[in-house]
Every structure is written in C-alpha cells, then in structure tokens.
Amino acid sequence: AQTVTQSQPEMSVQEAETVTLSCTYDTSENNYYLFWYKQPPSRQMILVIRQEAYKQQNATENRFSVNFQKAAKSFSLKISDSQLGDTAMYFCAFMRVGNNDMRFGAGTRLTVKP
Amino acid sequence: KAGVTQTPRYLIKTRGQQVTLSCSPISGHRSVSWYQQTPGQGLQFLFEYFSETQRNKGNFPGRFSGRQFSNSRSEMNVSTLELGDSALYLCASRKSSYNEQFFGPGTRLTVL
C-alpha cells in the first residue's frame, strides 16, 4: 500500500522569504504521479504543482518548485518569495498511473507572517 | 469554464438519518471521485466513478454508496448516519486517469 508522510504539522515563514515543506512516500510502484495541493481557509483545494515520476527534471510553477528525489522517495515543495495568500494547508499526494485512488499526507499548515 | 460544484454546502443531520450529496464535475470531465476529510483521519478516498461505473473504492463501510449519471453528475449517499460521519466531503473531477483532479468546495456534514 502507498503511504504519504508529511512530518511537519505546522510551519510559518515571514513574507518574502522562502520555505520548504517536506513529503516522503512509500511505494513499490515505478510509474506514478506526485502532487502538492493547497487548501486555503475557504476550503477549496487547488493544485499547486504536479510531478511525473518518470521525469527527472523537477517541476516548477512560478514561485513554487519541487525537489523530487525518486530513490529517496522524497518530494519537497519550495515556496519562494512567500506571500500572505500562501497561508493554507498544503497536502502532498501520490497517485499510481492508471489508478484513481489518490493518497494524501496529513497536511502541513503554513502561515505566512507579515 | 465553471469549476466543480457541490450541493449543499452545509448539512446538519441526526444519527440514523440518511443523506445525499451532489457533485457536478467540470464540463467534459468523466471521472468523479469522492473524499472524506476529517481532522483525525485526514483526507480519505471513498470511491471513483467513470462513465457511470464505479472504478475504485476505498475502505469505507457499505453505508457509503454513490452513483454517476449519464451527464457525469454524481451523488453520494450515506445511510444510517453516525456521529463519526461528520466531515467535509470533497468531490473531484478529471478528464481521465492521466489528468490531475480538480476539487469542489466541499459539503460540510454535521451529524448530531
């Protein structure tokens, strides 16, 4: 079974600074996707970034980038130039290719302080 | 393009009752998945429907059921409600298994 672990229940960062959220996962699969989702206080889950396991290049989306270490089964999210609107719960998620059962970590509550 | 919509947004029921939640996916999306979110258990997968067929099911009792209609809209039903069923129920849609999911705002169910 696939499990996703987020070891940081809460984190905070000063506005304009950089923060990294950790995620590790356990799987015997070789083909899978990894995601970071953001859930602001309004509760709508929003996809932040997606990584295909077969791609060695780390995904980036503007201020968001990942450090994907397949051998170590690690998938961390780096947020640069943090903004107040980045305050939210962040969930790391795993999905096997062709399967539709997305597994989520417990989440990290990020607070960006002015 | 309109996002995933869920109705109702809030619901209060008492133990033993049943409830039906509705989800309308993004136009063109044929896959609809349901998740339960609680502070204790986090986000847990309930089931997924594709073209009116249940393709995958999580580890939930038979009191939780669902269906999908020909227009891809989906409903989730919970019978004989228990206090522990109080949760945020999220629906997500996608075009296919190879696309990311888009989530709705959720239905907050409170069981008294």
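These numbers come from a predicted model, not from an experiment. Every chain is numbered from 1, with letters handed out A, B, ... down the list of sequences.
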A:Tyr32 ring center within less than 6.0 Å of A:Phe94 ring center: yes
Measure across B:Asp85 and B:Val78 and return the closest heavy-atom pair with its distance rounded to 0.1 Å. OD2-CG1, 3.9 Å
Going only through I, L, V, M, F, W and Y residues with side-chain contacts under 4.5 Å, is there a path from A:Phe104 to A:Tyr25? no
Contact residues of residues 30-63 of chain B (partner chain A; heavy-atom separation under 4.5 angstrom): B:Ser33, B:Tyr35, B:Gln37, B:Leu43, B:Phe45, B:Glu48, B:Arg55, B:Asn56
Looking at B:Leu88, B:Leu90, B:Val4, which one has more heavy-atom pairs under 4.5 Å with chain A than the rest? B:Leu88
Heavy-atom count check: over 12 atoms from other residues, nucleotides or ligands less than 6.0 Å from A:Lys78 NZ? no
Can you hop from A:Ile49 to A:Phe35 via hydrophobic side chains spaced under 4.5 Å? no
Among residues 7-18 of chain B, which residues come closer than 4.5 Å to chain A, judged by heavy atom distances? B:Arg9, B:Tyr10
Centroid-centroid distance, B:Phe103 to A:Tyr37, less than 6.0 Å: yes
Looking at A:Arg63 and A:Ser80, would you say the former's side chain and the latter's main chain have a donor-acceptor pair under 3.5 Å? yes
For the residue pair A:Asn31 / A:Glu29, report whether a side-chain donor-acceptor contact shorter than 3.5 Å exists. no
hydrophobic_cluster_shared for A:Leu34 and A:Phe91, side chain cutoff 4.5 Å: no
Going by the angle between their ring planes, with limits at 30° and 60°, are A:Phe68 and A:Phe75 parallel, tilted or perpendicular? perpendicular
Using every non-hydrogen atom in the two residues, find where A:Val48 and A:Lys38 come nearest and quote the distance to one decimal. CG2-CB, 3.5 Å
Max heavy-atom pair count under 4.5 Å with chain A, selected residue of B:Gly104, B:Gly106, B:Ala92: B:Gly104
What part of A:Glu52 lies closer than 4.5 angstrom to a heavy atom of chain B: side chain, backbone, both or neither? neither
